[in-house]
Protein chains: 2
Amino acid sequence: MLSIGEVSQQTGVSTQTIRYYERIKLLPEPKRAGNNYRVYSDSDVERLRFVNRARQLDFALEDIAEILAFRYQNAPPCQYVMNVMTQQITVIEERIGDLQRLRDELVNLHRVGLTMPEDIEMKQCVCHLIKTGQSNEDVNDE
Amino acid sequence: MLSIGEVSQQTGVSTQTIRYYERIKLLPEPKRAGNNYRVYSDSDVERLRFVNRARQLDFALEDIAEILAFRYQNAPPCQYVMNVMTQQITVIEERIGDLQRLRDELVNLHRVGLTMPEDIEMKQCVCHLIKTGQSNEDVNDE
DNA sequence: ACTTGACCTTATAGTTACTATAAGGTTTAG
DNA sequence: CTAAACCTTATAGTAACTATAAGGTCAAGT
């Protein structure tokens, strides 16, 4: 039986966040000690660990709630979880692609900024690059 | 001279977002027509394009406001912009790394889920994988 | 003249996943 | 007996929008 602070330490989830999860019903209301402090059982901690782990996999809290609901009904959430995973993978791969393109663009702009003569750099410079939105194509491919 | 809807079409920024930018003073209050409709000049549109382009580069609105403030004072924001860019690139590269690790982990879990015998898959399955948080290491490297 | 639909206006609340703050109660060590 | 390190609740703030409500304006069609 652990206090909220102890649970926080053991799981790496802040006390604020634990209370937040309780508020949005992702975690059940724990028992209370005589002084009204929260007291957590092993199964509470296990559930929190599950939530935390799923968050690290970037599952939305809503999806996690759904999975937990399946779990509680003793229905197998497997197919659901597998579907969510497939979706997640697609979304993440798209994000990676977007970010890579963005990084290339920024690196380009930065490089152009560096190679500008100082007096121009200090007057028109990078703002112009941002503004036009064409530097990328200019430098890159066209 | 354009209406908010026309500006929206020309820039790809929703009318809601244009009003939002005005509210947080990223854009100046435009003139109004007799009917109280917003009327935008070319320079208004140019400024919005700048904001939009910077957003596409994932600059925070706060940074954009800072850059625009420099611009207005005719002070060269160059060094500031260059610094922001450098920071952005670092942050983005970290995010890409995180996401790649996450994707690998998910792909792994998904693969394990697929190769599970169906009866097990339908009872313990992926939830267990999420729960333990150890499947990744099991499958990957150790 | 009137109504329908596509515009425009403001103000306010909702989104996601937290984080921070205020204002206070409890417990333990010195 | 007081200071610290816990705990409690309630509420507001974060980023960058998006959605909703409730209404005003305008051009075209009947």
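Heavy atoms only: backbone and side chains are in, while hydrogens, waters and symmetry mates are out. A quick note: this is a predicted structure, and the numbers were derived from the prediction, not measured. Here is how names work: the chains are called A, B, and so on, in the same order as the sequence lines, proteins then strands, and each is numbered from 1.
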> Rounded to the nearest 0.5 Å, how far does CD of A:Gln88 lie from CG of B:Leu102?
Replying inline: 7.0 Å
> Taking for each residue the nucleotide of DNA chain D bearing the nearest heavy atom, is the 5' side occupied by B:Ala60 or by B:Gly34?
Replying inline: B:Ala60
> Do A:Asn52 and A:Arg55 have a side chain donor and acceptor closer than 3.5 Å?
Replying inline: no
> How far does CG of A:Leu61 sit from CD1 of A:Ile24, to the nearest 0.5 angstrom?
Replying inline: 5.0 Å
> In whole Å, what is the span from the CD atom of A:Gln9 to the C1' atom of D:dC7?
Replying inline: 15 Å
Below 3.5 Å between N/O atoms, which protein atoms pair up with nucleotides 2-4 of chain C? Just atom names and distances, please.
none

> Closest heavy-atom contact between B:Val45 and B:Val7?
Replying inline: CG2-CG2, 4.0 Å
> Given D:dC7, is OP1 or OP2 found less than 4.0 Å from the side-chain N or O atoms of A:Arg38?
Replying inline: no
>> Distance check needed: C:dT16 C1' versus A:Glu62 CD, whole Å only.
In response: 10 Å
> Quick one: is B:Ser3 getting a side-chain N or O under 4.0 Å of the C:dC7 phosphate, OP1 or OP2?
Replying inline: no
> Under the 3.5 angstrom rule, does the side chain of A:Asp104 hit a backbone N or O of A:Arg101 as a donor-acceptor pair?
Replying inline: no
> Whole-Å distance between D:dC6 C1' and A:Asn35 CG?
Replying inline: 10 Å
> Is there any side-chain hydrogen bond (donor to acceptor under 3.5 Å, both in side chains) pair reaching into residues 3-12 of chain A, and which pairs are they, with sequence neighbours excluded?
Replying inline: A:Ser3-A:Glu6
>> Using a strict heavy-atom distance below 4.0 Å, which residues from residues 10-27 of chain B are in contact with DNA chain C?
In response: B:Arg19
>> Checking side-chain polar atoms at under 3.5 Å, does B:Asp44 have a donor or acceptor matched by the opposite partner on B:Ser41?
In response: yes
> Under the side-chain hydrogen bond (donor to acceptor under 3.5 Å, both in side chains) test, which residues partner A:Gln87, sequence neighbours left out?
Replying inline: none
> How close or far is atom P of D:dA16 from atom CG of B:Leu48, stated in whole angstroms?
Replying inline: 16 Å
>> If you compare every side-chain N and O of A:Arg32 against the phosphate oxygens of D:dT9 (OP1, OP2), does one of them come in below 4.0 Å?
In response: yes
>> Whole angstroms only, please: what is the OH-P distance between A:Tyr37 and D:dC7?
In response: 7 Å
> To the nearest angstrom, how far is A:Glu29 atom CD from D:dT8 atom P?
Replying inline: 12 Å
>> Need the bend value for the helix from C:dA1-D:dT30 to C:dG30-D:dC1: angle between end axes, 5 pairs each end, nearest 10°.
In response: 30°
> C:dA11 P sits how many Å from B:Asn36 CG, rounded?
Replying inline: 11 Å
>> To the nearest 0.5 Å, what is the distance between CD1 on B:Ile4 and OH on B:Tyr37?
In response: 11.5 Å
>> Can you confirm whether more than 12 heavy atoms, excluding those of B:Glu62, are under 6.0 Å from its CD atom?
In response: no
> Tell me, which pairs form a side-chain hydrogen bond (donor to acceptor under 3.5 Å, both in side chains) where one or both residues lie in residues 18-27 of chain B, sequence neighbours left out?
Replying inline: B:Glu22-B:Arg38
